[in-house]
J.: 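Just passing along the structure, written as C-alpha cells.
As the structure is a computational prediction, the values presented were derived from the model and not from experiment. Note: hydrogens, waters and symmetry copies are ignored here, and every other heavy atom, side chains too, is used.
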Amino acid sequence: MIRLGEKQKLKIVKKVNFGVYLSEQGKEQEERILLPAKQVPPMSDVGDEMEVFVYRDSRDRMIATVREPKIVMGQVAELTVSQTGRIGAFLDWGLEKDLLLPFKEQTKRVNAGDRVLAALYLDKSGRLCATMNVYRQLRSDSPYQKDDRVTGRVYEISGNFGAFVAVDNLYSALIPKKELFGRVEIGEDISARVVRVLDDGRLELSIREKAYIQMEKDVQRLLELMDSLGGALPFHDKASPELIRQETGMSKNEFKRAVGRLLKEGRIEITEKGIRRVKKL
C-alpha cells in the first residue's frame with residue numbers, strides 16, 4: 001500500500017508525456033501515482049526503482065515527489081509559518097503546496113514568520129496536516145541523565161501538569177508545575193536541568209539550579225531588583241506567595257532563604273513596609 005506522508009521506494013510502471021506512473025513492487029496493476037515530468041531523473045525507464053515522498057497536490061490527488069520534505073510522518077520538525085488563513089496557518093515544508101496547520105491543532109495562535117514545532121497527521125478526509133500537539137511523536141530514549149543540562153522547545157503548557165518540552169526537538173520532557181518559575185511561554189526555547197529520568201524514559205526538568213547555586217542567583221537578583229527600585233522593595237517575606245512570584249520569579253521559600261542570607265550578612269534590613277538595602281560605611 002502506498003503510504004501518504006512517507007518516503008518509500010516505488011517502481012516506474014508507465015511513462016507518459018507529463019511524467020511517470022509509480023507503483024509498489026508486485027502491485028503494478030493496482031494503485032499508481034504520478035511523478036511529474038519535471039521531477040523525473042534523466043534516463044529513467046520502466047522497471048526502475050526510485051525513492052519518493054507521497055502527498056496530495058493542490059487538486060487533492062496523491063502525487064509523488066523526489067524533493068526532500070522538511071518533515072515526514074512520525075517525525076517532529078521546526079517549520080516556518082508562511083501565511084495564515086480562515087481555517088488555520090500554512091507551513092513551509094519544502095514542497096510546492098504548503099502544509100495546513102488547522103486552528104484546532106495550534107497550542108497557541110501563530111503568525112506569518114513564526115517557527116513552530118510540528119508533526120504530521122492524517123485528518124478525517126485522509127489529507128496530510130500539521131499539529132503542534134507533538135507529545136506522541138517525541139521519543140523516550142534520550143541519552144540524558146540526572147543533572148545533565150539540556151535545551152528544548154516548550155510546545156504546550158498545562159495548568160494541571162506544567163510545561164511540556166521537546167528536548168533537542170526530539171525527546172519528551174516535562175517541567176512540573178512546581179518547578180515553573182518566571183514567565184515560560186509556548187514556543188520558547190529554554191535551558192533546563194534534568195531532575196530525573198522517569199521509568200518510561202521521559203525526562204523531568206527544572207529551570208532552577210541546584211539549591212546552593214540557585215541561592216546565589218536569588219541573592220543577586222534581589223540586590224539588583226532593589227537597586228532598580230531605588231534601594232528598597234515595597235514588600236517583605238510576609239507578602240503573599242503570588243506577589244513574591246510575580247515580582248521576583250521566586251517561590252516564597254526561595255525568597256525567604258535569600259532574604260535570610262542577606263540579613264545574616266548585614267546587607268539589608270526589614271522595615272514595616274518592605275526591605276531596604278543597608279548602605280556600606
J.: Give every residue pair that meets the salt bridge (charged side-chain N to carboxylate O under 4.0 Å, His left out) criterion with at least one member in residues 164-175, sequence neighbours excluded.
T.: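 Every candidate salt bridge (charged side-chain N to carboxylate O under 4.0 Å, His left out) pair involving residues 164-175 fails, so no pair, neighbours aside, qualifies.
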
J.: Looking at side-chain heavy atoms only, is the closest gap between Pro41 and Met50 below 4.5 Å?
T.: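 When only atoms from C-beta onward are counted, Met50 and Pro41 do touch, with a gap below 4.5 Å.
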
J.: Residues in ring pair (Phe, Tyr, Trp, His ring centres under 6.0 Å) with Tyr171, at least two apart?
T.: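 So Tyr171 forms no ring pair (Phe, Tyr, Trp, His ring centres under 6.0 Å) with any residue.
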
J.: Which residues pass the ring pair (Phe, Tyr, Trp, His ring centres under 6.0 Å) test with Phe235, not counting sequence neighbours?
T.: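 With sequence neighbours excluded, Phe235 shows a ring pair (Phe, Tyr, Trp, His ring centres under 6.0 Å) to Phe255, given in chain and number order.
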
J.: List, by chain and then residue number, the residues other than Phe164 in its hydrophobic cluster (Ile/Leu/Val/Met/Phe/Trp/Tyr, side-chain heavy atoms under 4.5 Å); write none if there are no others.
T.: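 Members other than Phe164 - counting any ILVMFWY side chain reachable under 4.5 Å - are Val76, Leu117, Val134, Tyr135, Leu138, Tyr155, Phe161, Leu174.
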
J.: At what distance, to the nearest 0.5 angstrom, does CD1 of Ile268 lie from CD1 of Ile275?
T.: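 So the CD1 of Ile268 and the CD1 of Ile275 are separated by 5.0 Å.
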
J.: Give, for atom CD1 of Ile244 and atom CG of Asp237, the distance between the pair rounded to the nearest 0.5 Å.
T.: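 Spacing of CD1 (Ile244) from CG (Asp237) equals 7.0 Å.
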
J.: Hydrophobic clusters here meaning ILVMFWY residues chained together by side-chain heavy-atom distances under 4.5 Å, can you tell me if Val13 and Val16 are in one?
T.: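 Yes, Val13 and Val16 fall within the same hydrophobic cluster.
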
J.: Between Asp141 and Arg139, does any NZ, NE, NH1 or NH2 come within less than 4.0 Å of an OD or OE carboxylate oxygen?
T.: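 Salt bridge: yes.
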
J.: Sequence neighbours excluded, which residues qualify as side-chain contact (heavy atoms from CB on, under 4.5 Å) partners of Arg3?
T.: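 Per chain and number, Arg3 pairs via side-chain contact (heavy atoms from CB on, under 4.5 Å) with Glu6, Gln8, Glu24.
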
J.: Any side-chain heavy atom of Met73 within less than 4.5 Å of one from Leu122?
T.: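 A side-chain contact exists here, since the closest heavy-atom pair is under 4.5 Å.
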
J.: Quick check for you: to the nearest 0.5 Å, what is the distance between Leu35 atom CG and Ile33 atom CD1?
T.: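 Separation between the atoms: 8.0 Å.
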
J.: Only pairs at least two apart or in different chains count here, so list each side chain to side chain donor-acceptor pair (under 3.5 Å) that has a residue in residues 79-91.
T.: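 As it turns out, the side chain to side chain donor-acceptor pair (under 3.5 Å) pairs with a partner in residues 79-91, which skip direct neighbours, are Thr80-Arg115, Ser82-Asp98.
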
J.: Search all heavy atoms of Leu222 against all heavy atoms of Ala258 and return the closest pair with its distance.
T.: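 Between these two residues, the closest heavy atoms are CD1-CB, 3.6 Å.
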
J.: So do the side chains of Glu156 and Met132 get within less than 4.5 Å of each other, counting heavy atoms only?
T.: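 Of all side-chain heavy-atom pairs linking Met132 with Glu156, none is under 4.5 Å.
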
J.: Test question: given the 4.5 Å side-chain rule for I, L, V, M, F, W and Y, name all other residues clustered with Phe103, or answer none.
T.: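 Its cluster partners, ordered by chain and number, are none at all.
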
J.: Between Lys14 (side chain only) and Val46 (backbone N and O only), is there a donor and an acceptor less than 3.5 Å apart?
T.: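 Absent.
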
J.: Using a strict threshold of under 4.0 Å (side-chain N to carboxylate O), is an ion pair present between Lys11 and Glu49?
T.: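 No, this pair does not count.
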
J.: Check the surroundings of atom CZ in Arg109: do more than 12 heavy atoms from other residues, nucleotides or ligands lie under 6.0 Å from it?
T.: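 Yes, because the 6.0 Å sphere around CZ of Arg109 holds more than 12 heavy atoms from other groups.
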
J.: Mind checking what makes side-chain contact (heavy atoms from CB on, under 4.5 Å) contact with Asn111, not counting sequence neighbours?
T.: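 Listed in chain order: Asp114.
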
J.: How many angstroms lie between atom OH of Tyr121 and atom CG of Asn133, to the nearest 0.5 angstrom?
T.: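 The CG atom of Asn133 is 9.5 Å from OH of Tyr121, to the nearest 0.5 Å.
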
J.: Can you pull the salt bridge (charged side-chain N to carboxylate O under 4.0 Å, His left out) pairs that have at least one residue in residues 196-205, sequence neighbours excluded?
T.: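 For residues 196-205: Arg196-Glu204, Asp200-Arg202.
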
J.: Any side-chain heavy atom of Lys146 sitting closer than 4.5 Å to one from Val197?
T.: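 Sidechains of Val197 and Lys146: no contact.
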
J.: Heavy-atom count check: over 12 atoms from other residues, nucleotides or ligands less than 6.0 Å from Lys273 NZ?
T.: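 No.
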
J.: Would you compute the distance between atom CG of Leu34 and atom CZ of Arg61 and round it to the nearest 0.5 angstrom?
T.: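 Answer rounded to 0.5 Å: 7.5 Å.
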
J.: Pair Ile190, Ile175 - check side chain to side chain contact (heavy atoms under 4.5 Å, CB included), show working.
T.: CA-CA 11 Å; Ile190 55 100; Ile175 304 174; 4.0 Å; yes

J.: Could you go through Val54 and Leu22, starting from their C-alpha distance and side-chain angles, then the distance that decides it, and tell me whether this counts as side chain to side chain contact (heavy atoms under 4.5 Å, CB included)?
T.: CA-CA 11 Å; Val54 180; Leu22 307 173; over 6 Å; no

J.: Nearest heavy-atom pair of Leu79 and Asp92: which atoms, and what distance?
T.: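 Looking at all heavy atoms of both residues, the shortest contact is CD2-O, 3.8 Å.
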
J.: Please tell me if the side chains of Leu99 and Phe90 come closer than 4.5 Å, counting only heavy atoms from C-beta onward.
T.: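 No, side chains not in contact.
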
J.: Among all residues two or more places apart in sequence or in another chain, which pass the salt bridge (Lys or Arg N to Asp or Glu O under 4.0 Å) test with Glu265?
T.: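 Once residues adjacent in sequence are excluded, the partners of Glu265 under the salt bridge (Lys or Arg N to Asp or Glu O under 4.0 Å) criterion are Arg261, Arg267.
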
J.: Can you measure from CD1 (Ile207) to CZ (Arg193) and round to the nearest 0.5 angstrom?
T.: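 Going from CD1 on Ile207 over to CZ on Arg193, the span is 11.0 Å.
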
J.: Say whether Leu198 and Tyr144 are linked into one hydrophobic cluster, either directly or through other cluster members, by side-chain heavy-atom distances under 4.5 angstrom.
T.: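 No, it is not one cluster - the side chains of Leu198 and Tyr144 are not joined through contacts under 4.5 Å.
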
J.: For Leu100 and Asp123: C-alpha separation, side-chain torsions, deciding distance, then whether side chain to side chain contact (heavy atoms under 4.5 Å, CB included) applies.
T.: CA-CA 11 Å; Leu100 173 64; Asp123 70 6; 6.0 Å; no

J.: Identify the two heavy atoms, one from Leu203 and one from Ser142, that lie closest to each other, and give their separation to 0.1 Å.
T.: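 Heavy-atom minimum between the residues: CD2-OG, 3.5 Å.
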
J.: Ala173 and Leu205: which non-hydrogen atoms are nearest, and at how many Å?
T.: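 Heavy atoms of Ala173 and Leu205 come nearest at CB-CD1, 3.7 Å.
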
J.: Kindly write out the residues that satisfy side-chain contact (heavy atoms from CB on, under 4.5 Å) with Glu185, not counting sequence neighbours, or none if the list is empty.
T.: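 Checked Glu185 against side-chain contact (heavy atoms from CB on, under 4.5 Å); matches are Arg183, Glu188.
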
J.: Run the side chain to side chain contact (heavy atoms under 4.5 Å, CB included) test on Asp45 and Lys15 for me, step by step, so that the C-alpha distance in whole Å, both residues' side-chain angles and the decisive distance to 0.1 Å come before the verdict.
T.: CA-CA 8 Å; Asp45 206 349; Lys15 296 182 72 174; 3.6 Å; yes

J.: In this structure, would Leu243 and Val259 fall into the same cluster of hydrophobic residues linked by side-chain contacts under 4.5 Å?
T.: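 Linked, Leu243 and Val259 end up in one cluster.
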
J.: Do you reckon Val195 sits in the same ILVMFWY cluster as Val150, going by side-chain contacts under 4.5 Å, direct or chained?
T.: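 In one cluster: no.
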
J.: Which heavy atom of Ile12 sits nearest a heavy atom of Ser44, and at what distance?
T.: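 Scanning both residues completely, I find the closest heavy atoms to be CD1-CB, 3.8 Å.
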
J.: Below 4.5 Å, heavy atoms only, C-beta onward: do Leu120 and Trp93 meet side chain to side chain?
T.: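 Leu120 reaches Trp93 side chain to side chain.
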
J.: Grab the two heavy atoms, one from Arg127 and one from Arg56, that are nearest each other, plus how far apart they are.
T.: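 Of all heavy-atom pairs spanning Arg127 and Arg56, the closest is CG-CD, 4.1 Å.
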
J.: Just wondering, do Leu223 and Arg277 contact through their side chains at under 4.5 Å, heavy atoms?
T.: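 In contact.
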
J.: Parallel under 30°, tilted from 30 to 60°, perpendicular over 60°: which one fits the rings of Phe18 and Tyr21?
T.: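 Plane angle over 60°, so perpendicular.
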
J.: Go through the structure and list residues passing side-chain contact (heavy atoms from CB on, under 4.5 Å) with Leu225, not counting sequence neighbours.
T.: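 Ser228, Leu229, Leu233, Thr248.
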
